[in-house]
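Reading through the structure tokens given below for one structure.
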Amino acid sequence: MKRFVGGVLAAILVAAGAGLAVVLTGAYDVAASTSHTALGRWVLETTSRNSVVRQAAGIRPPSGFTDEQVGQGARHYKESCVYCHGAPGEDSTDWASGMRPEPPYLPDAVGEWSDAQLFWIVKHGIKMSAMPAFGSHHGDEDIWAIVAFLKTLPGMSPEQYRTVGEQSEQGVAGGKAG
Ligand code: HEC
């Protein structure tokens, strides 16, 4: 038993030493022009996912969203997010494909997250990735509107994407004029 415990401890020390050697010698290639190693990717993705789940656990989302919020969120999305994440009928910019991790295509990705988790990601961003913290310049109301819009992205057609937000803006303007 003693020998077994000693073996496990030695293995842990060797692994920690190897990890430290990678950190200190520059052996890990940080170039964004190549992909992460499978291990590097697993460490980053797992850390990030578990962190979001934990941090968002205390957030209470509203019971539902209005069309007005969806329209407002769409305008924020078209202004701040589409360049990196793309949208139905719109590719992300060329430089977004040079990021590691590459920003996911959100119509396919948002279904994996709850409303509270989406709110947390947009408000706080994700360290060591290009995902910015929008909470530094957007209030909670704006961020819930963005979440309202994100929830409508899966299955949205390019035509719907083109008009969402614009329609409600015209509606408001038209209402005022009338
Ligand atoms: C400068 C590029 C950039 C901009 C602008 C940006 N994002 Fe991101 N976003 C990223 C990257 C990169 C990731 C992947 C982070 C990771 O995997 O660790 C990400 C991840 C996300 C995720 C998690 C998706 C998943 O399944 O991993 C959500 C949700 C998200 N962004 C929403 C938004 C919204 C909403 C906006 C606009 C308000 C926005 N992002 C603007 C780069 C960006």
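Here, residue 1 is the first one in the sequence, and each next residue gets the next number. Counting convention: from 1, in listed order, for ligands and their atoms alike.
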* To do: Going by heavy-atom distance to atom 26 (O) of ligand 1, choose the closest among Phe149, Trp113, Tyr105, Trp120.
  => Trp113
* **Any side-chain heavy-atom pair of Val110 and Lys151 under 4.5 Å** => no
Looking only at protein heavy atoms, which one is nearest to [atom], and how far off is it?
atom: atom 15 (C) of ligand 1; value: Ser129 OG, 3.5 Å
atom: atom 12 (C) of ligand 1; value: Pro101 O, 3.4 Å
atom: atom 29 (C) of ligand 1; value: Leu118 CD2, 3.6 Å

* Phe134 touching ligand 1 at heavy-atom level, < 4.0 angstrom -> yes
* Does ligand 1 have any atom sitting under 4.0 Å from a heavy atom of Met99? -> yes
* Asked: Are Val70 and Val82 joined in one hydrophobic group, where the rule is that I, L, V, M, F, W and Y side chains link up if heavy atoms are under 4.5 Å apart?
  -> yes
* **Atoms of ligand 1, numbered as shown, that sit under 4.0 Å from any heavy atom of Ile146** => 35 (C)
* Give the atoms of ligand 1, by number and element, whose distance to some non-hydrogen atom of Ala109 is under 4.0 Å. => 26 (O)
* Around atom 8 (Fe) of ligand 1, number of protein N/O/S atoms which are nearer than 2.8 Å -> 2
* To do: Find the distance between CD (Glu45) and NE2 (His36) and round it off to the nearest 0.5 Å.
  => 8.5 Å
* Please step through side chain to side chain contact (heavy atoms under 4.5 Å, CB included) for the pair Phe149 and Phe65, ending with a clear verdict. => CA-CA 9 Å; Phe149 170 71; Phe65 298 113; over 6 Å; no
* Asked: Is there a donor-acceptor pair closer than 3.5 Å between any side-chain N or O of Glu90 and the backbone N or O of Ala87?
  -> no
* **Heavy atoms from other residues, nucleotides or ligands near CG of Asp94 exceed 12 (cutoff 6.0 Å)** => no
* **Test side chain to side chain contact (heavy atoms under 4.5 Å, CB included) applied to His124 and Gln55, step by step** => CA-CA 10 Å; His124 296 284; Gln55 302 282 342; over 6 Å; no
Parallel, tilted or perpendicular, as decided by the 30° and 60° cut-offs, for the rings of [Y] and [X]:
X: Tyr161; Y: Tyr77; answer: perpendicular
X: Phe134; Y: His137; answer: tilted
X: Phe119; Y: Trp144; answer: parallel

* Does any N/O atom on Ser80 come nearer than 3.5 Å to any N/O atom on ligand 1? -> no
